[in-house]
Amino acid sequence: QEMKTILYATDLAEQSVSTLRYAHDLSNSMGANLIVFHSYDVPPIRAAVLRPYEQIEYHIIEEQKEVVKSFCINHLGDDIDLEKLKIVVVCNDSVLNGIIEISKELEPDLVLIGRKDKHTERGMFAGDIGQGVLKRLTCQIMIVPSHPNGSLLKNILYATDFEEADISAVENLIPIAAKVNAKIHFVHVTTEKQYKGTDQMEWFKEMLTQRVDYKNLEFKVIFSENIEEKLKGYSELIHADLVALLYREEKGFFQNLFNKSLVKKLDNQIDIPLLSFTK
């Protein structure tokens, strides 16, 4: 499925400027429209105010739109294409709920949020938003570090557990890679006791090539007890610009290593964008 719309949620902080630029560059690379979304909380309105609340709310929304528009123009400069840029603001005392509600209403192909410094209060808050979005939305979710480095999508690392749902996720990943002719590196990390890993990768490769028509692929099995550490090391080895994986909720021996806890660990440890697909 071709990516037509990207929704980027911003708090308009200076630390989010590089993420705004990343979202803008990604939308241009994909030929997609960019929705810049901002959720704000209105302070209590005094009873002495005579204007109707709806009128006050309308003016606040228009003011907020201008603030977001100025933020985009100031930091994107001449690169900005206002015809492909849509600004949406909502009043919601919960940033997470604001993102969820607008995503369900607009149905973007990808929701992109920035990852903040995990050692700050703001970073902890942003992390909670990321996990909340993963749990409650079914579209593709991309979590981008505060200062994304390197080129935009030349090498994509896809961490697989050989599930049928992985094939479906890759079918959605292929159009993204094809737009920029990115190489997709499929990696499975397994313990040495799971000696069938190589055979499973061959099965996965065969199933995948039957379903998708894309040649720029590579497959590798890595033996290790520490999944996230090996994925991080391998992402650095291949100079990955993006790590993609399936978001899992199931319980089980391997699933416990490869479910949402892995997404959270990778989000904290790997300083490149993380793309998550849901089953």
Short question: side chain of Asn155, backbone of Asp241 - any donor-acceptor pair under 3.5 Å? no
Is the backbone of Pro108 close enough, under 3.5 Å, to the side chain of Thr5 for a donor and an acceptor to pair up by distance? no
What distance separates Phe223 CZ from Thr198 OG1, expressed to the nearest 0.5 Å? 4.5 Å
Is it the case that atom CG in Asp213 sees more than 12 heavy atoms from other parts of the structure closer than 6.0 Å? no
Can you tell if the side chain of Gln140 reaches within under 4.5 Å of the side chain of Met3, non-hydrogen atoms only? yes
So which atom in Tyr214 and which in Ala177 form the shortest heavy-atom distance, rounded to 0.1 Å? OH-O, 3.4 Å
According to side chain to side chain contact (heavy atoms under 4.5 Å, CB included), who are the partners of Glu101, at least two apart in sequence or on a separate chain? Asn92, Asn97
Can you name the closest pair of heavy atoms from Ile100 and Val133 and give their distance? CD1-CA, 4.1 Å
Can you check whether Thr10's main-chain N or O pairs, donor with acceptor, with His38's side chain at less than 3.5 Å? yes
Parallel, tilted or perpendicular: which describes the rings of His188 and Phe162, with under 30° parallel and over 60° perpendicular? tilted
Nearest 0.5 Å, please: how far is CD1 in Ile272 from NE2 in His239? 11.5 Å
Quick one, Val36 with Leu7, criterion side chain to side chain contact (heavy atoms under 4.5 Å, CB included). Give me CA distance, side-chain angles, the key distance, then yes/no. CA-CA 6 Å; Val36 178; Leu7 187 146; over 6 Å; no
Provide the closest heavy-atom pair for Ser39 versus Gly98 in the form atom of the first, atom of the second, distance. OG-CA, 4.4 Å
Could you go through Phe186 and Leu208, starting from their C-alpha distance and side-chain angles, then the distance that decides it, and tell me whether this counts as side chain to side chain contact (heavy atoms under 4.5 Å, CB included)? CA-CA 11 Å; Phe186 293 96; Leu208 187 63; 3.5 Å; yes
Decide if the gap between the ring center of Phe37 and the ring center of Tyr8 is smaller than 6.0 angstrom. no
Counting distance only, does the side-chain N/O of Asp161 pair as donor-acceptor with the main-chain N or O of Glu163 below 3.5 Å? no
What is the distance from atom CD1 of Ile113 to atom OG of Ser16, rounded to the nearest 0.5 Å? 12.5 Å
Here the gap from Asp199 atom CG to Phe204 atom CZ, rounded to the nearest 0.5 Å, amounts to 15.0 Å
To the nearest 0.5 angstrom, please state how far the CD1 atom of Ile143 sits from the CZ atom of Arg115. 8.0 Å
Would you name the heavy atoms of Leu110 and Leu275 that are closest together and state the gap between them? CD1-CD1, 3.7 Å
Could you note down all residue pairs passing side-chain hydrogen bond (donor to acceptor under 3.5 Å, both in side chains) where residues 166-183 supplies at least one of them, sequence neighbours left out? Glu2-Lys179, Tyr158-Asp166, Thr160-Asp166, Asp166-Arg248, Glu171-Arg211, Lys183-Glu218
Report yes if the side chains of Leu76 and Arg21 come closer than 4.5 Å at any heavy-atom pair, otherwise no. yes
Measure the CD1-CD1 distance between Ile87 and Ile35 for me, rounded to the nearest 0.5 Å. 11.5 Å
Is there a side chain to side chain contact (heavy atoms under 4.5 Å, CB included) between Asn74 and Cys72? Walk through the geometry before answering. CA-CA 6 Å; Asn74 289 341; Cys72 293; over 6 Å; no
